[in-house]
Amino acid sequence: MWKHGRLCGSFICALALSSFSQAEPLSTEEAENFAACVKQLATKAREASVSQATIEQTLAQISYNARVIELDRQQPEFTTSFADYLNRRVTQDRVNRGRALLNKHRQLLNEASERFGVPPQYLVAFWGLETNYGGFLGKMNVPESLTTLACDPRRSDYFTGELLDALKIIDEGIVTPNKMEGSWAGAMGHVQFMPSAYRRYALDYDGDGKRDLWRSIPDAMGSAAHFLQNLGWEKGARWGREVILPKDFDYLQAGLNNRRPLVEWSQLGIHQTDGKPLPQADFKASLLVPSGHQGPAFLVYHNFDVIMRWNRSEFYALAVGHMADRINGAGKLHKAPPENVPRLHRDQVIQLQQKLLEAGFDPGEADGIFGPASRRALSQYQHQQGMVADGFPGAEVLKRLAIIQ
C-alpha cells in the first residue's frame, strides 16, 4: 500500500523491528508534552465525530512508543542493489506459493478481476510482497504507533489524520483497539492499507457486514482490486516487460520521465526477449535499467505508474510486475541482474552526489539516497567522460570519481 514514500513492503519493514531496542524512557518534560498532545488529539477526535467510548478505550490507554520513532528516523546504512532487492522478494518458494494461492482462490480472484479490471496474478503479487501472503501482518498496536507519530513534529499533520481514521474504523466495530495491529507506520491487514485508504477503499467483499482486512481474504483481495482501480489501473494492459537493447544503445534515453510511443522504441532497435519486435500497441513507455547496462532492461507502461502510487519505489514496482508474471506462469528474467556490484555506504552516496554537483551535474539534494535525479546526473557525467551513460554507480565510474579504490 502507498505509504508516502515507504520503500519496502511492510513484511520486510516489520521484520526490521528486531534490530531495535527500546530507547531511554521519556523525561518528565517529554512525558508531560506527550500527555498534552494526546489530550489535544482526543479533542480533535471528538470534533471529528469519533465516539467518546472509542476515545476512552483507545487514547486513554496510549503509551509513547520510542521504537516507532526510531524506525521512522532509520534509513538504510548501505544502498541495496536491484539484484539483492529482487532476489530477496521474488523467490521460487514465494512464486510457487503464489501460484498455489491463485488456484485456491481462483473464483474469488476472477470475480474481483471482472469487477475492477485488475488481473488475479497482480492481486496475489501485492499480497505476497506486502505480508508474505498473510504470514506477517505486523505486531505493532496501530493506535499507539499513530499517536506516537502524530505527537512527533516531523509528520504530525499526516499521522494525526491517519489516527483519526483509525479511530473511526474502531468506531465501525471492525476491530477492537488492542487487536488493531499492523506495521510501525500504521499499515494494516493482508495488503497493508493505511487507515485513510482503509476507510476510502476497503470493501466488505464477503458480505458479512464488516470490512475485515485482517481475517477475510475476500475482503483483502476485493479491497486491493478496488484501490488499484481507483489509482487508475488500465484494464487489459500489462505493467511492462523485459526487453533487449541494441549494443550501441544511448542510455541517456532511460528514465521514467522519458516517455515515448512503443514504435519509437522499436525504431531504436529494442526487441522483446525472444527477439520478436515490440507490440504495435498505441501507448507510451519508459525505459528502466535498474542494474545498468550489464543488467536487465524494462519498458514500463501506465500500470507501472499505478503500482508506484501504491509504493513509491521503482524496485518495488518492478518486483510486483515480475512477481505477477512469474505467478502467471512466466520464467525468470532473461538477463539476471548482476550481484557483484559495489554496495555503497550512505556517506559514499553523499560524496558521489557532491562530486557530481562539483562537476556541473545536478543530482538534487546530497541526501545519501541515489534516486532519479542522481541517476540522471551520473548518466550525464558518464556521457561526458565517454563511458556507457547508464546512470549506474558501478565500479568503473566510482573509481574515476575516487569514491572507491
Side-chain angles (χ1 to χ4, degrees), residues 5 7-8 12 16 19 73-90 242-258 270 286-300 308 312-319 322 333-405:
L7 298 181
C8 59
I12 303 300
S19 65
R73 298 293 191 271
Q74 176 68 6
Q75 294 176 325
E77 184 179 5
F78 289 93
T79 58
T80 299
S81 70
F82 179 58
D84 183 62
Y85 186 96
L86 191 71
N87 293 340
R88 287 176 179 270
R89 289 159 177 80
V90 187
E242 186 185 4
V243 294
I244 301 297
L245 307 180
K247 292 183 179 180
D248 60 348
F249 185 77
D250 176 11
Y251 285 89
L252 287 174
Q253 305 301 318
L256 273 182
N257 292 330
N258 183 22
I270 296 178
S286 300
L287 179 74
L288 297 181
V289 283
S291 299
H293 69 283
Q294 295 183 331
F298 304 92
L299 283 178
V300 298
M308 285 194 64
R312 296 184 181 187
S313 162
E314 290 181 11
F315 283 10
Y316 178 89
L318 288 168
H322 180 53
L333 292 177
H334 177 79
K335 190 174 185 180
E339 298 184 22
N340 58 338
V341 297
R343 189 165 181 255
L344 297 179
H345 191 281
R346 290 181 59 82
D347 290 343
Q348 291 175 304
V349 177
I350 292 173
Q351 184 183 7
L352 172 59
Q353 292 169 324
Q354 291 171 338
K355 290 200 173 188
L356 288 172
L357 186 60
E358 291 169 2
F361 305 100
D362 184 9
E365 182 183 357
D367 55 4
I369 300 173
F370 200 79
S374 296
R375 286 197 297 273
R376 181 67 179 173
L378 181 58
S379 178
Q380 293 169 339
Y381 171 81
Q382 291 168 320
H383 179 71
Q384 182 199 65
Q385 297 292 310
M387 306 171 71
V388 177
D390 57 8
F392 182 71
E396 181 184 5
V397 71
L398 293 174
K399 289 177 180 178
R400 185 168 300 193
L401 287 166
I403 305 299
I404 63 174
Q405 300 299 316

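Below, each value reflects all heavy atoms present in this structure, side chains not excepted, and no hydrogens, waters or symmetry copies. Numbers for residues simply follow the sequence, beginning at 1.
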| Which heavy atom of Leu318 sits nearest a heavy atom of Pro290, and at what distance? | CD1-CG, 3.8 Å
| request: Please examine the side chains of Phe315 and Arg89, heavy atoms only from C-beta on, and report whether any two atoms are closer than 4.5 Å. | output: no
| request: Please name the pair of heavy atoms, one in Pro296 and one in Glu242, separated by the smallest distance, quoted to 0.1 Å. | output: CB-OE2, 3.6 Å
| field | Sub-4.5 Å side-chain heavy-atom contact between Leu333 and Phe298 | value | yes
| query | Of all heavy-atom pairs between Ser374 and Leu356, which one has the smallest distance, and what is that distance? | reply | O-CD1, 4.1 Å
| request: Supply the atom-to-atom distance Thr79 OG1 to Ile369 CD1, rounded to the nearest 0.5 angstrom. | output: 11.5 Å
| said: Once ring pair (Phe, Tyr, Trp, His ring centres under 6.0 Å) is applied, do any residues pair with Tyr381, and if so which ones, sequence neighbours excluded? | reply: none
| said: Enumerate the salt bridge (charged side-chain N to carboxylate O under 4.0 Å, His left out) contacts for residues 358-383, please, sequence neighbours excluded, ordered by first and then second residue. | reply: Glu314-Arg375
| Expected output: side-chain Glu77 to main-chain Arg346 donor-acceptor under 3.5 Å | no
| query | Just wondering, do Pro363 and Leu378 contact through their side chains at under 4.5 Å, heavy atoms? | reply | no
| task | Please report the closest heavy-atom contact between Asn87 and Glu339, naming both atoms and the distance. | result | ND2-OE2, 3.5 Å
| task | Compare every heavy atom of Gly394 with every heavy atom of Pro342, then report the nearest pair and how far apart it is. | result | CG-C, 4.1 Å
| task | Please round to the nearest 0.5 Å and tell me the distance separating atom CD of Gln353 and atom CZ of Phe370. | result | 7.5 Å
| Stepwise side chain to side chain contact (heavy atoms under 4.5 Å, CB included) test for Gln382 and Tyr251 | CA-CA 10 Å; Gln382 291 168 320; Tyr251 285 89; over 6 Å; no
| field | Donor-acceptor under 3.5 Å (Gln253 side chain, Asp250 main chain) | value | no
Using distance only, find each side-chain donor-acceptor pair of residues 395-405 under 3.5 Å and give its atom names and separation, not counting sequence neighbours.
unit_1	atom_1	unit_2	atom_2	d
Arg400	NH1	Gln385	O	3.3
Arg400	NH1	Gln385	OE1	3.4

| Side-chain heavy atoms of Val289 within contact of Phe392, under 4.5 Å | no
| Separation of Leu357 CG from Lys355 NZ (nearest 0.5 Å) | 13.0 Å
| said: So, taking the atom named CG in Asn258 and the one named CG in Leu288, what distance separates them when rounded to the nearest 0.5 Å? | reply: 10.5 Å
| query | Under a 4.5 Å cut-off applied to non-hydrogen side-chain atoms, are Ser379 and Asp390 in contact? | reply | no
| field | Separation of His345 NE2 from Gln351 CD (nearest 0.5 Å) | value | 12.0 Å
| query | So, does Gln294 use its side chain to make a donor-acceptor pair with the main chain of Pro338 at under 3.5 Å? | reply | no
| query | Between Pro337 and Tyr85, is any pair of side-chain heavy atoms under 4.5 Å apart? | reply | no
| Close side-chain approach of Pro372 to Asn257, heavy-atom, < 4.5 Å | no
| Got Val341 and Ser291 here, is their nearest side-chain heavy-atom distance under 4.5 Å? | no
